[in-house]
Each structure stands twice: as C-alpha cells, then as structure tokens.
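I have placed the structure first, in the form of structure tokens, so that the comments after it can refer back to it.
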Amino acid sequence: MTLDLFAELEQGMGWREELDAGAVVLRRFALPRQAELFAALERITSQAPLRHMVTPGGFRMSVAMSNCGACGWLSDRSGYRYDALDPHSGKPWPPMPQAFLQLAQDAAAAAGFAGFAPDACLINRYEPGTRLSLHQDKDECDLSAPIVSVSLGVPATFLFGGGQRADKCRRVPLAHGDVVVWGGLARLRYHGVLPIKAAQHPATGSHRINLTFRKAR
DNA sequence: TAGTGGCA
DNA sequence: TTTT
C-alpha cells in the first residue's frame with residue numbers, strides 16, 4: 001500500500017503542504033482500504049464504545065473518544081494518561097488494525113518520519129458544534145516520535161499554533177483523507193479544532209472522525 | 001503542576 | 001472576532 005500512496009501523490013491526486021519545519025499536511029491522502037478502515041472502526045467501537053471523557057477540571061469533553069492499540073489515551077478527574085486497559089470494560093483496548101497501522105506508517109514516511117511505530121490510536125468523534133480547545137500532546141514518553149492525525153468525514157478547521165498557548169495559530173482546513181503529521185521541532189506545538197459546522201459526508205453522516213496515532217511508550 | 005471546556 |  002505504500003506504493004499506492006506514493007503513486008497517488010505523484011499522480012497529483014494528492015499533495016503535500018509544508019506547514020512549518022516538522023509539520024506537513026498530506027492532502028487527499030490515499031485511503032486505498034477505506035472500506036476496511038471503516039469496518040475496523042466499527043469493530044473497535046463495538047468493543048470499546050466512544051464515550052465522553054471528563055477533564056481533570058471536571059468538564060465533560062464534547063468530543064467522544066475511544067482507543068485502539070497497546071495503550072489508549074484517557075482523561076478523568078485524576079488526570080491525563082495512557083493506559084493499557086479500557087476503564088469502561090476493564091479489558092485491553094482492541095488491537096490496532098493492520099489497515100490503521102499501515103496508514104499511519106505510510107503517512108509518517110510520506111511526511112519525512114520513517115520508522116514510525118505507533119502503539120496508541122485515539123479515535124475522536126466530532127458532532128456538529130463540538131470542538132477541541134488548544135492543547136499540547138505531551139503525555140507521551142517518547143517525544144521523538146511524530147503525531148499522525150487522520151481526518152475522516154465532514155471537514156474541520158485545524159488550529160496549528162506555536163510553542164506557547166498565546167502564539168498565533170494557523171487555520172488549516174481539513175477534509176476527508178487529509179492527514180496532518182507533526183514532529184521534531186513541531187512536536188510540542190499547540191493545536192486544536194474549531195467547532196465543527198453542520199454538514200454531511202457519505203462515509204460518516206454528520207460526524208467528523210479523527211484518528212490520532214502516537215507512540216505513547 | 002494543570003490540563004484537550006464553556007461562558008462572559 | 002479574539003482573548004482570557
């Protein structure tokens with residue numbers, strides 16, 4: 001599938017956009033296994049349902065989340081962390097499907113981060129009006145690995161800021177099949193998602209789905 | 001340590 | 001509309 005991706009990028013069906021040093025947007029990234037991707041998503045969320053986590057401050061997050069992979073990102077009153085077990089079931093998170101892993105590794109490689117080995121995939125489901133406010137991904141042990149963020153379904157505006165919350169943000173429109181990869185110098189950049197506008201997408205209905213791949217350990 | 005929320 |  002790696003070859004399919006590069007072939008598609010070369011054929012001009014998709015293209016790269018350099019955001020800044022260490023940050024790349026892959027536009028209309030090849031999703032050659034889209035049916036497989038969504039079937040896997042279905043399987044994962046039937047075992048580990050999407051749920052609204054609570055922030056340490058006690059606020060319910062508007063975006064519904066689940067995970068797959070060796071560990072999953074969690075938030076509750078006691079903080080942010082990664083855990084091998086889903087607190088909802090007490091069982092391990094569903095394994096990361098091969099199609100997910102392949103997609104993440106292909107995207108990372110296309111963005112200049114060869115050898116990416118994610119052990120966590122956070123699944124975010126945005127309904128119209130939901131958002132993710134500005135934050136840094138810094139709960140991972142290995143900050144040398146990039147973040148790979150796959151957009152599926154209805155479009156969104158991604159905010160890509162600087163090293164401090166107050167830094168100005170780039171507004172990056174993201175559509176189905178777009179992938180943002182950031183690492184290296186850009187690894188700790190603040191980022192977020194503006195409230196999702198009401199829209200329909202054939203693959204997801206009114207939702208936006210985001211897959212965030214990380215190496216947590 | 002506080003924090004990816006929501007309001008004024 | 002942007003900021004805290």
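Below, read A as the first sequence line, B as the second, and so on, with proteins coming before strands; counting in each chain starts at 1. Side-chain atoms are counted along with the backbone in the values below, which use heavy atoms only and exclude waters and symmetry mates.
- A straight line from CZ of A:Arg165 to C1' of C:dT2 spans 15 Å, rounded to a whole angstrom.
- The nearest whole Å value for the distance from the CG atom in A:Leu74 to the P atom in B:dT4 is 17 Å.
- Note: CD (A:Glu140) to C1' (B:dT4) measures 12 Å, nearest angstrom.
- Going from atom NZ of A:Lys197 over to atom CZ of A:Arg208 covers 13.5 Å, rounded to the nearest 0.5 Å.
- Taking atom CZ of residue A:Phe59 and atom P of nucleotide B:dG3, one finds them 9 Å apart after rounding to whole Å.
- Using bins of under 30°, 30° to 60° and over 60° for the plane-to-plane angle, the ring pair A:His176/A:Phe38 lands in the parallel bin.
- Taking atom CG on A:Leu134 and atom P on B:dG3, their separation rounds to 14 Å, with Å as the unit.
- Nearest to the side chain of A:Ala166, among B:dT4, C:dT4, B:dG6, sits C:dT4.
- Closest to the side chain of A:Arg171, out of B:dT4, C:dT4, C:dT2, is C:dT2.
- A salt bridge between A:Arg170 and A:Asp20 is absent, with no side-chain N of the basic residue lying under 4.0 Å from a carboxylate O of the acidic one.
- As a whole-Å value, the separation of A:Arg131 CZ from B:dC7 C1' is 11 Å.
- B:dG5 atom P lies 10 Å from atom CG of A:Asn124, rounded to whole Å.
- Residue A:Gly79 is in base contact, counting any heavy-atom pair closer than 4.0 Å across all strands shown.
- Ring geometry for A:Trp73 versus A:Tyr80: interplanar angle of 30 to 60°, hence tilted.
- Taking atom NZ of residue A:Lys138 and atom P of nucleotide B:dT4, one finds them 9 Å apart after rounding to whole Å.
- Comparing atom distances between the A:Asp139 side chain and each of B:dG6, B:dT4, B:dA2 picks out B:dT4 as nearest.
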